[in-house]
Amino acid sequence: MRPVPWPDPLPAGIEVYRLDFDLDADVSAERQLLALAERAQADRYARSADRVRFTATRAALRGLLARRVGCQPADVRLAVGLHRKPFLEVAGGDAPLFNVSHSGAHALIALGDPRAVSEVGIDIEACRSDVDVEAVASLAFTGSERRALQEAGDPLQALYSRWVGKEAVLKAIGVGVAEHLQSIGIHSGVHGRYVLECAVPEWSGLHAVALDAPTGYAAALAWRAKEST
């Protein structure tokens, strides 16, 4: 399972890769690229499909980062920061930024050049048709989002489009997603760009865009461009 570069134009300094899973695959080779703690984390998943998703995605991420910092995938030093957001440890210089999301049969990996962006986040979700749109909206959406959802021609599509945008933004910021869902409002803009409504002034300057996801999925990318000096 090799990551495929995203074909569409992306913001300067950002690359996105898609990983398509064979959930019945033998990932023993990919497992060898993982740190001991990562192997233990994979083993804690009860379902085989979840172990495959985690192992294949983490191995692909290590391969992409290794090419950028000039080492072997197994030697990539990943650490966990605030709210358990992982980051790359490098000796000297700015480390590439990254963010990962997987759902169903696909994963997305976003890489950010630290000279161009200061934050990056990505999300992909399999769109379930049995989701309770009103219940999710009441828990996770702002008042203006709920009003827009009521006026949408396809409430389910509108729900998932906002959800992935919201998660991508919060993951870029690096805060806990569950407790801040109503701190960010996501609204449709032109050319797939979102209009963001932020309750926290420090979160201004973020951008987000819907990605052309595989059929049955929704995906979004968020970033903050680095200020030129």
Legend entry - Close side-chain approach of Phe141 and Ile186, heavy atoms under 4.5 Å: no

Legend entry - Heavy-atom pair of closest approach, residues Gly13 and Val117: O-CG2, 4.4 Å

Legend entry - Heavy-atom closest pair, residues Ala95 and Leu88: CB-O, 3.4 Å

Legend entry - Summary of ring pair (Phe, Tyr, Trp, His ring centres under 6.0 Å) pairs that have at least one residue in residues 31-68, sequence neighbours excluded: Tyr45-Phe54

Legend entry - Residue list, side chain to side chain donor-acceptor pair (under 3.5 Å) with Asp50, at least two apart or on another chain: Arg47, Arg53

Inset, instruction - Check side chain to side chain donor-acceptor pair (under 3.5 Å) between Gln72 and all other residues, then give those that pass, not counting sequence neighbours. - result: none

Legend entry - Residue pair Ile122 / Asn99: nearest heavy atoms and the distance that separates them: N-OD1, 2.9 Å

Legend entry - From Arg58 atom CZ to Arg62 atom CZ, the distance as rounded to the nearest 0.5 Å: 7.0 Å

Legend entry - Expected output: side-chain Arg18 to main-chain His106 donor-acceptor under 3.5 Å: no

Inset, instruction - Verify, without hydrogens or angle tests, whether Tyr217 (side chain) and Ala105 (backbone) share a donor-acceptor contact under 3.5 angstrom. - result: yes

Inset, instruction - Go through the structure and list residues passing ring pair (Phe, Tyr, Trp, His ring centres under 6.0 Å) with His207, not counting sequence neighbours. - result: Trp223

Legend entry - Straight-line distance of Arg39 CZ to Leu33 CG, nearest 0.5 Å: 8.5 Å

Inset, instruction - Nearest 0.5 Å please: distance from the OG1 atom of Thr57 over to the CD atom of Glu30. - result: 10.0 Å

Legend entry - Co-members of Phe87 in a cluster of I, L, V, M, F, W and Y side chains, linked at under 4.5 Å: none

Inset, instruction - Supply the atom-to-atom distance Leu64 CG to Ile109 CD1, rounded to the nearest 0.5 angstrom. - result: 5.0 Å

Inset, instruction - Please report the shortest heavy-atom distance between Arg162 and Ala148, naming the atom on each side. - result: NH2-CB, 3.3 Å

Inset, instruction - Evaluate whether atom CD of Glu134 has more than 12 neighbouring non-hydrogen atoms of other residues, nucleotides or ligands under 6.0 angstrom away. - result: no

Legend entry - All pairs passing side-chain hydrogen bond (donor to acceptor under 3.5 Å, both in side chains) where residues 113-125 contributes a residue, at least two apart: Ser101-Asp123, Asp113-Arg115, Glu119-Arg224

Legend entry - Nearest heavy atoms of Leu19 and Ala60, plus distance in Å: CD2-CB, 4.0 Å

Legend entry - From CG (Asp132) to OG (Ser138), nearest 0.5 Å: 8.0 Å

Inset, instruction - Output the distance between atom CG (Leu149) and atom OG1 (Thr142), rounded to the nearest 0.5 Å. - result: 10.5 Å

Legend entry - For the student: nearest non-hydrogen atoms of Pro96 and Val69, plus distance: CD-CG1, 4.0 Å

Inset, instruction - Taking the side chain as every heavy atom from C-beta outward, state whether Leu78 and Leu65 have any pair of such atoms under 4.5 Å apart. - result: yes

